[in-house]
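Taking it in order: structure first as structure tokens, then the write-up.
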Amino acid sequence: MNKEDFPFFKRRINNREIIYLNSASTSQKPFHVIDAINDFYETYNFSYSENENNEVNEIYEANRRKIASFVKAEQEEIIFTKGTTESINFLASSLDIKKGDEVLVSELEHDSNVLPWQQICKVKGAKLKFIKVNNEGELDDIGKYLTKKTKVVSLSHVSNFLGTTFNISEIGKKIHENNSLFVVDGNQSVPSIKYNVKESNIDFLAFSGHKMLGPSGIGVLYGKKELLENLKPYQYGSFMSQKIETNTSELKKTPFKFEAGTPNVEGVIGLGAAVNYLNKIGMENIEYNNRKLVNLFLEKTDGIKNLHVYGKNQENLVSFNFDLLSAGNVSAILNRENIFINSGNHNVSLFHKKLKIDESARISFYLYNNEEDVNALVYVLEKIGKSFAKK
Ligand SMILES: Cc1ncc(COP(=O)(O)O)c(C=O)c1O
């Protein structure tokens, strides 16, 4: 796990290195990914084609196979989208939610896993229900919320605010016993947890390339083949039909029927290269490093007065606040030391409201972070703790 592989870390600000602790927002990219995209533009940027034997189509499909195998899915179960937000919007409009149906999300979801469901429920006359989450980030018993009307449950695996995880496999089992569908927002989990969609009771899994060393503008929706076969596309256009008449058209099989228009070939190539790199490092090692750094951070900040951490048993990130200093100001002070974190509500508006706060500071780790990064961060936080002490 080497910063040398990431050109971003060569940058100096005021002649000093950058400490990047905001990978939960977007990750840095290794040379391996940048070179793969460059190579595409420089050598084989022919058009994607109706002809499946075209070189570009073959490269596109080879990368689809690679990304499928990364989460242990089949090639035809991987649909390319712009990212997690589009994947969830796609499901919200294609799952045939009807009047009287119920959709469940948790109180801890990212806005992108709330708004698409809120909107479709409004339009269709369905009901959006929120599963309670306590202040530590633990989900209430889902059994209390499932009814005969529950069509779909959509939950994030790892929270991008608290860093806490839901037990997806166990929750999925209960959802399936209720004959409901289970959508997992894997945007914080797929970048650093090894997945086997076949063994996790997941029906659909959404994730974005930019959080896992890949480019922006490319994402994935995994869906069980038998479910995808019965799903309608949510957008229409070129490349998705095999026969077109004036009034009808015959759609291709999944995944092609879901990918209207010229695809983001370079995005898929970049994501394929990212998956190669992640496989080379090993997902277990990445998860181990994240957890180790989280624990180190928690240990070292335990004694800092006026600093309050949200949640417990965090996976890859920690959110906190100081008593007398806003998260925005904490972030600004750290920026001056070349330490980059996130501040705001991290698009988890509802849970910030529940905690009666407007914003929080968030640090997040990824495979290029190390103990020195934590030490540099803690050094500044200790100073802040002393300077802004409650009287
Ligand atoms: C848990 C979670 N879900 C959804 C999203 C939205 O993802 P994107 O903006 O990549 O579509 C994010 C992004 O921060 C996230 O962390």
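One-based numbering, in listed order, for ligands and for the atoms of each.
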task: Only heavy atoms count here, so choose which of E109, H157, H110 is nearest to atom 15 (C) of ligand 1.
output: H110
query: How far does CG of L334 sit from CG of L21, to the nearest 0.5 angstrom?
result: 8.5 Å
- line: ligand 1 to T85, heavy atom cutoff 4.0 Å, flagged ligand atoms 6 (C), 7 (O), 8 (P), 9 (O), 11 (O)
task: Verify the distance criterion only: is there a donor paired with an acceptor across the side chains of T254 and E76 at less than 3.5 Å?
output: no
F6 and Y368 aromatic centres sub-6.0 Å: yes
message: Taking the basic N atoms (NZ, or NE/NH1/NH2) and the acidic carboxylate oxygens, is any pair closer than 4.0 Å for K173 and E177?
response: yes
- prompt: Short list, please: which atoms of ligand 1 are under 4.0 Å from a heavy atom of T84?
  reply: 4 (C), 7 (O), 11 (O)
- prompt: Which residue and non-hydrogen atom of the protein lie closest to atom 2 (C) of ligand 1, and at what distance in Å?
  reply: D185 OD2, 3.4 Å
Nitrogen or oxygen atoms of E86 and ligand 1 under 3.5 Å apart: no
task: May I ask you to check whether Y60 and F80 place their ring centres under 6.0 Å from each other?
output: yes
task: Say whether S156, considering both its backbone and side-chain N or O atoms, lies within less than 3.5 Å of an N or O atom on ligand 1.
output: no
Side chain, backbone, both or neither: the part of K211 lying under 4.0 Å from ligand 1 by heavy atom: side chain
query: Hey, is ligand 1 close enough to S112 that some N/O pair sits below 3.5 Å?
result: no
field: Atom indices of ligand 1 within 4.0 angstrom of H210 heavy atoms, with elements
entry: 10 (O)
- line: protein heavy-atom neighbour closest to atom 5 (C) of ligand 1 works out as N187 ND2, 3.2 Å
- prompt: How many angstroms lie between CD1 in I120 and CG in D101, if you round to the nearest 0.5 Å?
  reply: 11.0 Å
